[in-house]
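All values below were derived from every heavy atom in this structure, side-chain atoms included, with hydrogens, water molecules and symmetry-related copies excluded. For clarity, every value in this text was computed on a predicted model and none was experimentally measured.
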Amino acid sequence: ARTGLIPMNPEYLQWIELDTAALNHNLKQFRDLIGPERSLLAMVKANAYGHGMAQVADRVLEAGADWLGVHSLDEGISLIDAGIQAPILISGSVALSHLEEAVVRGLRVTAYNPETIERLGAISRERDLRAFVHIKLETGTHRQGVEPERLGSLIDMLEQYPGIVFEGISSHFADIEDTTDHTYARGQLDGFNRAVDGLRQRGMQIPLRHMSCTAAAMLLPETHFDMLRVGIGLYGCWPSKETYVSCLQQEREPLELKPVLTWKARIAQVKSISKGAYVGYGRTFRATRATRLAVIPVGYSDGYPRHLSNVAHVLVSGQRAALRGRVAMNLSLI
């Protein structure tokens with residue numbers, strides 16, 4: 001393996017390579033953006049966006065991340081079992097019957113239902129343990145979250161349990177990546193700020209406010225608050241072309257992101273076909289000239305999308321080669 005890459009078995013017909021130098025570079029881009037005074041949470045949910053959760057978690061922590069974000073209890077437990085000691089926030093829901101495991105393991109729980117608060121309070125009292133909670137506020141995505149008009153009663157319930165540690169409040173943007181008009185996002189931000197102001201007026205201390213995803217971090221510095229949650233940008237991908245255009249429209253210097261993952265395969269066969277020959281299932285490609293084809297052992301069962309048939313390219317020794325014919329279950333032709 002080249003320097004900076006996590007080595008893979010060289011005998012595999014296909015494999016991925018992770019460029020840790022690129023990962024470190026991307027994280028530093030966001031660290032420089034938000035400064036040292038704010039915490040940086042690296043999202044490693046969904047197997048670190050397909051990059052390998054345990055491998056990425058180790059490396060982003062070494063590179064300066066402060067927190068890790070996962071979606072499920074199982075993901076959080078996997079990280080702890082792998083020896084991770086950084087704070088881990090579960091952003092998804094946890095079944096009431098599994099909350100005790102989260103508390104015992106020291107995982108941070110995202111809460112928005114009274115039933116969750118009540119169960120966490122009972123667990124903290126019975127086990128004499130602290131239960132760390134981040135309240136998720138609904139601001140316009142209408143997925144997980146407590147509505148602003150119910151936030152006060154939820155906080156009232158939380159304050160009844162001395163074993164519950166109110167560690168933060170969060171929300172999530174609905175439409176900041178797919179548009180260059182961020183009016184709706186700013187409306188969500190205003191709602192979040194009003195809720196935070198209301199909590200402060202009742203004398204609450206809020207250690208961590210966090211609402212900023214990758215796109216928000218780039219476009220709305222006022223969303224940086226106390227902690228930044230970075231997901232897709234960590235892996236070297238822009239959230240959308242609209243995000244990039246918005247950066248240019250706002251005269252912001254776009255971050256330099258470097259792709260972390262490379263998917264590689266060995267060529268299984270090289271063959272020549274004549275002009276007029278058909279290629280692949282459904283005869284969706286017909287050669288207009290004598291053509292040299294290569295078979296690669298990658299198909300839609302491996303996660304290579306079938307809709308890339310006849311439109312994608314791969315690199316062979318650094319040279320672009322067009323995908324020809326339909327992507328099959330286990331094979332593709334270039």
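His210 and Arg229 share a side-chain donor-acceptor pair at under 3.5 Å. Between the side chains of Arg38 and His224, no donor-acceptor pair of N or O atoms lies under 3.5 Å. Between the side chains of Thr243 and Ser246, no donor-acceptor pair of N or O atoms lies under 3.5 Å. Side-chain atoms of Asp74 and Ser72 form no donor-acceptor pair, as typed in the model, at a separation below 3.5 Å.
Without hydrogens or angle criteria, Ser332 side chain to Val298 main chain gives a donor-acceptor distance under 3.5 Å. The closest donor-acceptor contact from the side chain of Asp226 to the backbone of Arg209 lies under 3.5 Å.
Contact check on Glu167 versus Arg130 returns no salt bridge, with no Lys/Arg side-chain nitrogen under 4.0 Å from an Asp/Glu carboxylate oxygen. Lys45 has no carboxylate O lying under 4.0 Å from a charged side-chain N of Glu75, or vice versa, which leaves the two without a salt bridge.
At a threshold of 4.5 Å between non-hydrogen side-chain atoms, the residues Leu18 and Tyr235 do not count as touching.
Tyr278 carries Arg283 over the face of its six-membered ring, with the cationic atom under 6.0 Å from the centre and within 45° of the normal.
Around NE2 of His25, the count of heavy atoms belonging to other residues, nucleotides or ligands within 6.0 Å exceeds 12. Within a 6.0 Å radius of OH in Tyr281, no more than 12 heavy atoms belonging to other residues, nucleotides or ligands are found.
Note on Met204 and Leu208: same hydrophobic cluster, where clusters join Ile, Leu, Val, Met, Phe, Trp and Tyr whose side-chain heavy atoms are under 4.5 Å apart, directly or indirectly.
Taking the six-membered ring where tryptophan is involved, the planes of Phe225 and Phe192 are tilted, since the angle between them lies from 30° to 60°.
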